[in-house]
2 protein chains.
Amino acid sequence: MATDHRPDSRRTLTLRDVSEASGVSEMTVSRVLRNRGDVSRSTRDRVMKAAKDLGYVPNKIAGGLASQRVNLVAVIIPSLSNMVFPEVLTGISQVLDDTGLQPVVGVTNYSPEREERVLYEMLSWRPSGVIVAGLEHSDAARAMLTNAGIPIVEIMDVDGPAIDSVVGISHHRAGQMMAQTILAAGYRRIGFLGTQMPHDHRARKRLEGFTAALAAAGLALEDREYYDGGSALLKGREMTEAILSRRPDLDFLYYSNDMIGAGGLLHCLDAGIDVPGRLGLAGFNGVELLDGLRVRLATMDACRLEVGRAAAEILTGKTADGRSSGVRIELTPRLDPGQTIRAPR
Amino acid sequence: MATDHRPDSRRTLTLRDVSEASGVSEMTVSRVLRNRGDVSRSTRDRVMKAAKDLGYVPNKIAGGLASQRVNLVAVIIPSLSNMVFPEVLTGISQVLDDTGLQPVVGVTNYSPEREERVLYEMLSWRPSGVIVAGLEHSDAARAMLTNAGIPIVEIMDVDGPAIDSVVGISHHRAGQMMAQTILAAGYRRIGFLGTQMPHDHRARKRLEGFTAALAAAGLALEDREYYDGGSALLKGREMTEAILSRRPDLDFLYYSNDMIGAGGLLHCLDAGIDVPGRLGLAGFNGVELLDGLRVRLATMDACRLEVGRAAAEILTGKTADGRSSGVRIELTPRLDPGQTIRAPR
DNA sequence: ATGCGCTATGTTACCGCTAACGGTCCTCGG
DNA sequence: CCGAGGACCGTTAGCGGTAACATAGCGCAT
């Protein structure tokens, strides 16, 4: 650094400074500041005052090393721009706020390599727990998680073996359920529009469940359209126009997420297409945005907030039996038919 | 914790384990793992192999205490659900990824008390820098920042005195600029729709700049509408309907953010209102979402990505003169007239 | 041979805090 | 009056690394 950052040219404060200022031992100061152990009311007040006057801020680095306990929870998610994950984070924070634990977020950008790096980085801070999105990890990442010696919660997805605890929904079944609903409504020529992300396993599983249900009815997807990057709403519009001009006979479009679904819906409304009569639409995630559209898009809620809360509760031992590992919670997504799937016939 | 988390019943590994496994001193292992100092090729390889085989993960708590350096940058923002902040974060990450520094995010929910708490918590980890949104802080928070002895960058806003460095735009001028554009287009009966957030100082400053420019032209806001919580898009719709039914004579609506602006635009389109002929609209932020609408909303880009990047560059000393404190960067927001402001007359 | 400079490695002394234990009063029942 | 037990506070010994300073070995010019 090129410049000085000691406004008052003092080195940073330590417990010793507070102890000298208040005339007690460092240990007593430590006890006061952590609110632990017996300290008389009078000394407590004196120490508190001294600490505040000096502007003392404890050093958790030193504290963590000494106590072998760190009040951090590593939260590893693929992205922050998806809106789904901030909502999960909100759930986590809600629960963690009451405890001493603090979430630290790492973002992987859907890259296994980055996940590995981020995880390594996080674990090197010796957090007291890890919440990580998804069940798919590199071998190295899996090994790190297994050997970390702390509770691990994999979230968002329950379709596969868990390392320790797991909280989420079955995306396979979610896709299935949506397909069955669509079929029950009489739609038959179905197209899919999704993201070009090989590492979005949950989207993949939804599609697998979806096509499996179609296959069970002797059907297959008629057409697909993928996108990559850019404004999802705009892409949804463009892709919808593209797929419909290619296959005007399609009677249903299944989108891998609500954002492109909303784009598609906007296109259909603008183009004067009869929704849900001639064409049905459905997305996934139950994003708040949809509430603002004139026509409500059919969607499925992935219980993001609840997933976050449950994961945090596991780490804090707030489970039914107080266990903080080996817990498995499968939530059931709610299917909201909105106004873009016609009534079953 | 109720359950055991030592799959292999070993305590967690330390440098000593690696040193014993590779037959060199702990110091040499430390050098290898940090890639610092001279170590022969052969021992380096041996140590690396041992570390990998054991699955050793360094303990940054101990390392940080010993070296008095912590590769963390505290990033303190009001919210994650605003989309603006994740984008700033992206900018920060882009720059920090190349350095050894790692961002740690704290969220304040626009509450000064929470900001103070989060800041205290963050500083207790002794980060090597702080990036904090806004110039308004409690006295205690300001004192902590001043005395932390590390570079501080306040971002998003330059209208006011900075503690150390600052990167952002002038929201006052942004509001002014928008008002002038609107006036130049001939609109005269102007309404405002915004959030009910006393602590969103940037929104407040925009509105102040906006009304100041109106006043300079002898005008004032004709009506206002505020909301609080819920889906911004929907609220935008509802508020727009409400304000227009109350004051059908308004010829322009200025929104405090793009999300409610987009909601308003959708309402107008659905209601068949002539935009921008009879009614003009404008928002703020340049969110990606707008690209997906049939009609592009007038907006102003707050240079979020650039703000994040510049802030991170200051902390890493990547400035013109290598300084990492006392830097001031004012960016100029771009006004995008979109298709909801008519041509100047 | 001598000593210099370099590379490669080891030793020592902490970093700031807390767990664990010890000590000192004081109270109070027997 | 004594000892047990509690309230309160101090002392000691690390936690797992790293900075800073040796130290050992080697090639090479003198």
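Labels below follow one simple rule: chain letters A, B, ... track the order of the sequence lines, proteins then strands, and each chain is numbered from 1. Please read these numbers as outputs of a predicted model, since none were measured by experiment. For the numbers below, each heavy atom of this structure counts, side chains included, while hydrogens, waters and symmetry mates do not.
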Please tabulate, for the side chains in residues 148-160 of chain B, all donor-acceptor contacts under 3.5 angstrom to protein atoms that are two or more places apart in sequence or on a different chain.
| unit_1 | atom_1 | unit_2 | atom_2 | d |
| --- | --- | --- | --- | --- |
| E154(B) | OE1 | I163(B) | N | 2.7 |
| E154(B) | OE2 | H137(B) | NE2 | 2.8 |
| D157(B) | OD1 | D159(B) | N | 2.9 |
| D157(B) | OD2 | K205(B) | NZ | 2.5 |
| D159(B) | OD1 | S170(B) | OG | 2.8 |
| D159(B) | OD2 | S170(B) | OG | 3.3 |
| D159(B) | OD2 | H171(B) | N | 3.1 |
| D159(B) | OD2 | H172(B) | N | 2.9 |

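- Using a 4.0 Å cutoff to heavy atoms of chain B, the contacted part of DNA chain C runs 5' to 3' from dA8(C) to dG16(C).
- Listed pair S25(A) / dC9(D) fails the phosphate criterion, with no side-chain N or O lying under 4.0 Å from OP1 or OP2.
- The separation between E20(B) atom CD and dG16(D) atom P is 13 Å, rounded to whole Å.
- Other residues, nucleotides and ligands contribute only 12 or fewer heavy atoms inside 6.0 Å of the CE atom of M48(B).
- Contact between the side-chain N/O atoms of Q68(A) and the OP1/OP2 oxygens of dG14(D) is not found at any separation under 4.0 Å.
- Note on residues 121-130 of chain B: pairs passing salt bridge (Lys or Arg N to Asp or Glu O under 4.0 Å), not counting sequence neighbours, are K60(A)-E121(B).
- With hydrogens and angles ignored, the 3.5 Å screen pairs a side-chain donor or acceptor of S67(A) with a backbone N or O of G63(A).
- The CZ-C1' distance, from R44(A) to dA7(D), rounds to 13 Å in whole Å.
- Residue pairs that meet the salt bridge (Lys or Arg N to Asp or Glu O under 4.0 Å) test with at least one member in residues 33-42 of chain B, sequence neighbours left out, are R41(B)-D45(B).
- Within the structure, every pair that satisfies the salt bridge (Lys or Arg N to Asp or Glu O under 4.0 Å) test and touches residues 106-115 of chain A, not counting sequence neighbours, is listed here: R114(A)-D97(B).
- In this structure the side chain of L315(A) never reaches within 4.5 angstrom of the side chain of V95(A), judged on heavy atoms.
- Distance alone, capped at 3.5 Å, places no donor-acceptor pair between the D17(B) side chain and the L13(B) backbone.
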Show the distances under 3.5 angstrom between N or O atoms of the protein and N or O atoms of nucleotides 17-20 of chain D.
| unit_1 | atom_1 | unit_2 | atom_2 | d |
| --- | --- | --- | --- | --- |
| dG17(D) | OP1 | Y56(B) | OH | 2.6 |
| dG17(D) | OP2 | L15(B) | N | 2.8 |
| dG17(D) | O5' | Y56(B) | OH | 3.2 |
| dT18(D) | OP1 | R34(B) | NE | 3.2 |
| dT18(D) | OP2 | S30(B) | OG | 2.0 |
| dA19(D) | OP1 | R69(B) | NH2 | 2.7 |
| dA19(D) | OP2 | R34(B) | NH1 | 2.9 |

